[in-house]
Amino acid sequence: MTHFLKFCDRLESYICRFLLVCFVSLLFTQVVSRQIFGTSITWIEELSVFMFVWFVYFGASYAARISAHNRVSFHFRWLPAKVGVWLEAFADLIWVSFNIYFVYLAYDFIFFRMNKFWKAQTLGVELKYIYLVLPIAFALMTIRILQVNYLKLVKGVDIKDPDKIDLPLEDELNDVDGTSATNNTNNGGKA
Amino acid sequence: KNFKIAVGDGAGGTQEALGKAFIEALEKNSNKKHTATLFLNGQLGSEQDTVNNAAMGALDFSILAINNITPFSPSVGTLTLPYVILSLEDAQKVTTGPIGQQLVKNTIRDANVRIIGWAYSGFRVLSNSKKPVKSVADLDGLVVRVPKNAIMIETYKSWGINPTPMAWSETFAGLQQKVVDGQDNPYITINAMKFYEVQKYVTNLRYIFSIEPLVVSESLFQDLSKEDQQAVLEAGKAATAFSASFLKETEDRIKKELSEKGMEISDPADGEKEFIDKATSTVWPKFYESIGGKDKLNEVLTALGRETVK
Amino acid sequence: METAIVYVLFGSFLGLLLIGAPITVALGVASLITTFYLEENPVKFVQIAFTSVGSFPLMALPAFILAGALMEAAGLSRRLINVAESFAGPFTGGIAASTVVACLFFGAISGSGPATTAAVGMLMIPAMIKRNYSPGYASSLTAAAGGLGIVIPPSIPMVIFGISALGMIPPPAAVEKFGTFQSVSISKLFIAGFVPAFIMATCLLVMNYLLCRKHGYKGTSSAMDFGHIFQAIREGFWALMAPLVILGGIYSGFFTPTEAAIVAIFFTLFVGAFIYRELDWKAVSSSLETTTWLSGRVLLILFTATLFGRILVENQIPAIIADGMLSLTENVYFIWIMIIAFLLFVGMFMETLATILILVPVMLPVAYSVGIDPIHFGVVMICSLSIGFQTPPLGENLFIASGISNVSIEEISIKALPFAVVNIIAVLLIAFFPELSLWLPRLMGY
Ligand code: NA
Ligand code: NA
């Protein structure tokens, strides 16, 4: 993979890490300014909430890329392995349809139905632009679902469960997308 | 049909009272053909969300504080400036007279919702736990909580103090733990929230009169038959009239109860002149642009028989 | 009409879960199908997508996840656990008891059950095995004690419960009957979880003592090593400060929970970079990445669960469920037993945060209508779901403990049964005596 494709493959992760650093720092500035200097900066709360919403939906798309969205799958062990795989793929097809419909709804809402006077209270930005994250992130998420299913069903890549804890032994099993260096407990390799 | 009415506040307030009166009148006017259900406490979304939903036809009715309509229909903002309304009579005159008609028209044009009734919640009086407040100077040294509302913040600044914007959900605890000394709200709210447990002094400020319109989705309204439209409009009028009498009765009763519970209620010195002068001279000019020009304010002032601004 | 909505909504939800759709998809698609069925306009979904997530208190969630991940990377967690380990003396089951205490310590900086199990298990399971405990016993105890991580504050499930319960009001009939209910806040929940966490820990310690006596797991032959304890505390001084900063800040009303987590992040960055010098860019970056997808995953569920809950509310379905339950019995103890049994059952299969998001709109109205305090209800719900971490088939703590010790999940879950039993007894105690949860918040003036 070229560098550019690799970058695209983790695009949401970069966006999200940037947003996370920004809003955490903004909130810290607010705490310091209030507790130490006794004044609060009025626009911080609104701006950090907007960044947080963007962070969440791009993060959801990234979670789709690394196949992290929880499913109830214990009952598949009583079915032939193939059946479980194809049922999940079918469920993903429903997911894709839902997302495409939601992108349409969001586009319609933002460009044709939203009140034109509606602005962010302290920032003064039109909320229209802030809401744009919804069609963008859900479209991106749709691409990610298709990408994962392509890798899984056509390329036969075994997408690792990101919840699974990494033990030193498993380090050599790192998969292509490189996400396995982290997991929900973030203690990979520290044992 | 059973309509859905979103209500921002909880049970026991003027919003609910208006909603109940509206439903009763609607049932009567439509010979039980139509009724409605109240969904209190923002169960159908925040007050601002309900405006959007009603505009899109995804919600039938909503009752909400007037400052949550202003973002969608800026000219309504005139009624939220300090000391524009100085009595319940003023409020009734403005909302049900020609000015009100104009606001209704503007709101249909700008926000696609129709205002069909008004709940009156009364003046936001100032309460605090520290000392009696009668003059602007008495405010010195008080930390006052306000909602995140530019007009209210500017008003306190014009009186020489920096208020603290704090979320409503944190306010009671904040007063109790003395993070803030005071706050302002209508009597009905002060009583419902049991602020008398953590506050001692009340000043009868009149800087903002709380008005809460009842709106209907314009697309829904246009889909109704002529008779049904009439039934809805008449029910709105009946509910508005009820709200005014509800306010008078409850406010008197609550004032008495609060005194019995040990709160000290006082009026500002000199008919509130100092407060009024400071607020109107510095706050009004800052918001001319957002309400669509000074003329909008002058129209209201003229209708109330008051001096216009230059 | 209403019953048909229930069938469409819950039927399509369960059907989608069964074919392996992600929980968030099952919720979203079921809501969409029901909206079509009701012939309503789904365009309001867009606004719900934005406003359900765009709330200030919710930012506590990524903040606590990030704080926990950084503390791990900065070496704070390890030192905190070392302090607990140093207390293991010449007592029967001493090191195992230290494991439970370590989970309490670690729980006071982390808001997640699996993270607690992983951090404590990494150090304590090998330590127990070294002292001749059977690997199965060591793993099952850790899996059980890891659940304490979400009962003792800070707690991510409590943040989620608080957010879901904030917008829900007691039904007027319940207020008339029982008087006003206190309002829900995340701070209040955090304080209310403190005593219940100690009750659950005590129950685990008692069961541990009994089992260790049976198995003959003795302590070290030497006496308590005070030098070792002192050294561990000295090395762990800054790590021990972390819970003080978080909890002290919240309890004193100095910070909101979100701000406390933010302060903890910068505290950890400082200690990790300048005092312990274990933190590097790579670790910070990977902490940020973990926070990203964990938050994205949960909060996407929050959006679709809000859609689902909105349909329930608009059609007044919780009231129907409440009436149904009340028609069986009005006895509050029976209601509690039904609620806890149901939560334990759901906790076997479902991820914790999703469970909270789905069930609060359904169950809290029931609780209100029998006069249960919302804070008390939240604490019992969290305690019940904390047991779900150690129960198969979906038991996150089991998976982690099994990953560390290489003991099979089946063996661990069977060996963890006695702990599940004492934990259930603890939950019943906490449910039947509301004061255990409500006394401390009241004492602190909330
Ligand atoms: Na915790
Ligand atoms: Na489970």
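Proteins come first, then strands; the chains are lettered A, B, ... in the order of their sequence lines, and each starts at number 1. Note: hydrogens, waters and symmetry copies are ignored here, and every other heavy atom, side chains too, is used. Please read all numbers here as calculations on a predicted model, not as lab measurements.
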**Student:** Are more than 12 heavy atoms from other residues, nucleotides or ligands located less than 6.0 Å from atom CZ of C/Phe36?
**Tutor:**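 Atom CZ in C/Phe36 is crowded, with more than 12 foreign heavy atoms closer than 6.0 Å.
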**Student:** Do the side chains of A/Val31 and C/Val263 get nearer than 4.5 Å, heavy atoms only?
**Tutor:**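 The answer is yes; the side chains approach within 4.5 Å.
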**Student:** Sort C/Pro126 into side chain, backbone, both or neither according to what part of it lies under 4.5 angstrom from a heavy atom of chain A.
**Tutor:**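 Contact with chain A involves no heavy atom of C/Pro126 at all.
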**Student:** Any idea which heavy atoms bring C/Thr291 and A/Phe55 closest together, and the distance?
**Tutor:**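 Minimum heavy-atom contact is O-CZ, 4.0 Å.
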**Student:** What part of C/Leu58 gets closer than 4.5 Å to chain A, counting heavy atoms only: side chain, backbone, both or neither?
**Tutor:**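 For C/Leu58, the contact with chain A is made by backbone and side chain together.
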**Student:** Is the shortest side-chain heavy-atom distance between A/Trp95 and C/Val29 below 4.5 Å?
**Tutor:**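 A/Trp95 does not reach C/Val29 side chain to side chain.
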**Student:** Begin from the C-alpha positions of A/Phe52 and C/Leu299 and carry the test side-chain contact (heavy atoms from CB on, under 4.5 Å) through to its verdict.
**Tutor:** CA-CA 11 Å; A/Phe52 170 59; C/Leu299 296 173; 3.7 Å; yes
**Student:** For A/Val24 and C/Ile262, work out which heavy atoms get closest and say how close.
**Tutor:**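 So the two residues come closest at O-CG2, 3.9 Å.
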**Student:** Heavy-atom distances under 4.5 Å only: say whether A/Phe50 touches chain C with side chain, backbone, both or neither.
**Tutor:**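 Only the side chain of A/Phe50 comes within 4.5 Å of chain C.
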**Student:** Would you check if the side chain of A/Arg71 reaches a backbone N or O of C/Gly20 as a donor-acceptor pair within less than 3.5 Å?
**Tutor:**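 Indeed, once roles are kept as given, a pair shorter than 3.5 Å links the two residues.
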**Student:** Name the region of A/Ser48, side chain, backbone, both or neither, that has any atom closer than 4.5 Å to a heavy atom of chain C.
**Tutor:**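 Its backbone and side chain both get close to chain C.
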**Student:** In terms of heavy-atom proximity below 4.5 Å to chain A, should C/Val46 be classed as side chain, backbone, both, or neither?
**Tutor:**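 Contact with chain A involves both backbone and side-chain atoms of C/Val46.
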**Student:** With only heavy atoms counted, which part of C/Leu18 is less than 4.5 Å from chain A, the side chain, the backbone, both or neither?
**Tutor:**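 Answer is both: backbone and side chain atoms of C/Leu18 are under 4.5 Å from chain A.
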**Student:** What I want to check is whether the side chains of C/Ser285 and A/Arg17 have a donor and an acceptor closer together than 3.5 Å.
**Tutor:**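 Yes, because at least one side-chain N or O of C/Ser285 sits under 3.5 Å from a partner of the opposite role on A/Arg17.
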**Student:** Nearest 0.5 Å please: distance from the CZ atom of C/Phe266 over to the OG atom of A/Ser25.
**Tutor:**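 Here the rounded value is 4.5 Å.
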**Student:** Which atoms form the tightest heavy-atom contact between C/Thr292 and A/Cys16, and what is the distance?
**Tutor:**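 Closest heavy-atom pair between C/Thr292 and A/Cys16: CG2-CB, 3.3 Å.
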**Student:** At a heavy-atom distance under 4.5 Å, which candidate from A/Tyr104, A/Phe23, A/Tyr101 has the highest pair count against chain C?
**Tutor:**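 The answer is A/Tyr101.
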**Student:** Would you say the side chain of A/Leu27 lies within less than 4.5 Å of the side chain of C/Glu259, judging by non-hydrogen atoms?
**Tutor:**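 A side-chain contact is absent here, since even the closest heavy-atom pair is not under 4.5 Å.
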**Student:** Determine, stepwise, if the pair A/Phe102 / C/Phe303 fulfils ring-ring contact (aromatic ring centres under 6.0 Å, His included).
**Tutor:** CA-CA 12 Å; A/Phe102 185 81; C/Phe303 157 45; 5.5 Å; yes
**Student:** Would you mind checking which part of C/Leu32 comes under 4.5 Å of any heavy atom in chain A, side chain (CB onward), backbone (N, CA, C, O), both or neither?
**Tutor:**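 For C/Leu32, side-chain heavy atoms alone lie under 4.5 Å from chain A.
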**Student:** Find out whether C/Lys44 and A/Phe109 are in side-chain contact, i.e. whether some heavy atom of one side chain is under 4.5 Å from a heavy atom of the other.
**Tutor:**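 No. Closest side-chain heavy atoms not under 4.5 Å.
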**Student:** What part of A/Phe28 lies closer than 4.5 angstrom to a heavy atom of chain C: side chain, backbone, both or neither?
**Tutor:**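 Looking at A/Phe28, backbone and side chain both touch chain C.
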**Student:** C/Ile265 versus chain A, heavy atoms under 4.5 Å apart: side chain, backbone, both or neither?
**Tutor:**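 Looking at C/Ile265, just its side chain touches chain A.
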**Student:** Tell me which of these, C/Ile23, C/Thr258, C/Val298, C/Val25, has more heavy-atom pairs under 4.5 Å with chain A than the rest.
**Tutor:**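 The option with the most such pairs is C/Val25.
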**Student:** Pick one of side chain, backbone, both or neither for A/Tyr131, based on which atoms fall under 4.5 Å of a heavy atom in chain C.
**Tutor:**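 Interface part for A/Tyr131: both.
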**Student:** Locate the shortest heavy-atom distance separating A/Leu20 from C/Pro62; write the atom from each residue and the value.
**Tutor:**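 Of all heavy-atom pairs spanning A/Leu20 and C/Pro62, the closest is CD1-CB, 4.5 Å.
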**Student:** Go through A/Arg113 and C/Val43 one step at a time and tell me if the side-chain contact (heavy atoms from CB on, under 4.5 Å) criterion holds.
**Tutor:** CA-CA 9 Å; A/Arg113 291 165 179 267; C/Val43 72; 3.8 Å; yes
**Student:** Does any heavy atom of chain C fall under 4.5 Å from the side chain of A/Ile110, the backbone, both, or neither of them?
**Tutor:**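 No part of it gets close to chain C.
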**Student:** Can you tell me if A/Trp78 has over 12 outside heavy atoms packed within less than 6.0 Å of its CH2?
**Tutor:**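 Counting neighbours around CH2 of A/Trp78, more than 12 heavy atoms of other residues, nucleotides or ligands fall under 6.0 Å, so yes.
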**Student:** Main chain of C/Ala49, side chain of A/Tyr57: is a donor-acceptor contact present, judged purely on distance under 3.5 Å?
**Tutor:**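 Answer holds: yes.
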**Student:** Rounded to the nearest 0.5 Å, what's the gap from CH2 on C/Trp293 to OG on A/Ser67? Could you check?
**Tutor:**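 If we round to the nearest 0.5 Å, C/Trp293:CH2 and A/Ser67:OG are 10.5 Å apart.
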**Student:** Within a radius of less than 6.0 Å around CZ of A/Phe74, do more than 12 heavy atoms belonging to other residues, nucleotides or ligands occur?
**Tutor:**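 Yes - once you tally the heavy atoms of other residues, nucleotides and ligands closer than 6.0 Å, there are more than 12.
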**Student:** Mind listing the closest non-hydrogen atom pair of A/His69 and C/Pro22 along with its distance?
**Tutor:**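 Smallest heavy-atom distance, with atoms named: CB-CB, 3.9 Å.
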**Student:** With a 4.5 angstrom heavy-atom cut-off, could you sort out which part of A/His75 is near chain C: side chain, backbone, both or neither?
**Tutor:**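 For A/His75, the contact with chain C is made by the side chain alone.
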**Student:** Measure distances from A/Leu134 to the heavy atoms of chain C and classify the residue's part below 4.5 Å as side chain, backbone, both or neither.
**Tutor:**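 Interface part for A/Leu134: side chain.
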**Student:** Between the main-chain N or O of A/Ala68 and the side-chain N or O of C/Arg297, is there a donor-acceptor pair closer than 3.5 Å?
**Tutor:**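 The answer is yes, because a donor-acceptor pair under 3.5 Å joins these two groups.
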**Student:** So which of C/Val284, C/Leu302, C/Leu288, C/Thr117 has the largest heavy-atom pair count under 4.5 angstrom toward chain A?
**Tutor:**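 The option with the most such pairs is C/Leu288.
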**Student:** Report all side-chain donor-acceptor pairs from residues 137-144 of chain A shorter than 3.5 Å, counting only partners two or more places apart or in another chain.
**Tutor:**
{"from": "A/Thr142", "atom 1": "OG1", "to": "A/Phe138", "atom 2": "O", "distance (Å)": "2.6"}
{"from": "A/Arg144", "atom 1": "NE", "to": "A/Glu12", "atom 2": "OE1", "distance (Å)": "3.3"}
{"from": "A/Arg144", "atom 1": "NE", "to": "A/Glu12", "atom 2": "OE2", "distance (Å)": "2.8"}
{"from": "A/Arg144", "atom 1": "NH1", "to": "A/Gln147", "atom 2": "OE1", "distance (Å)": "2.8"}
{"from": "A/Arg144", "atom 1": "NH2", "to": "A/Cys8", "atom 2": "O", "distance (Å)": "2.7"}
{"from": "A/Arg144", "atom 1": "NH2", "to": "A/Asp9", "atom 2": "O", "distance (Å)": "3.4"}
{"from": "A/Arg144", "atom 1": "NH2", "to": "A/Glu12", "atom 2": "OE1", "distance (Å)": "2.7"}

**Student:** Answer with side chain, backbone, both or neither: which region of C/Leu16 has an atom nearer than 4.5 Å to a non-hydrogen atom of chain A?
**Tutor:**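 C/Leu16 touches chain A through side-chain heavy atoms alone.
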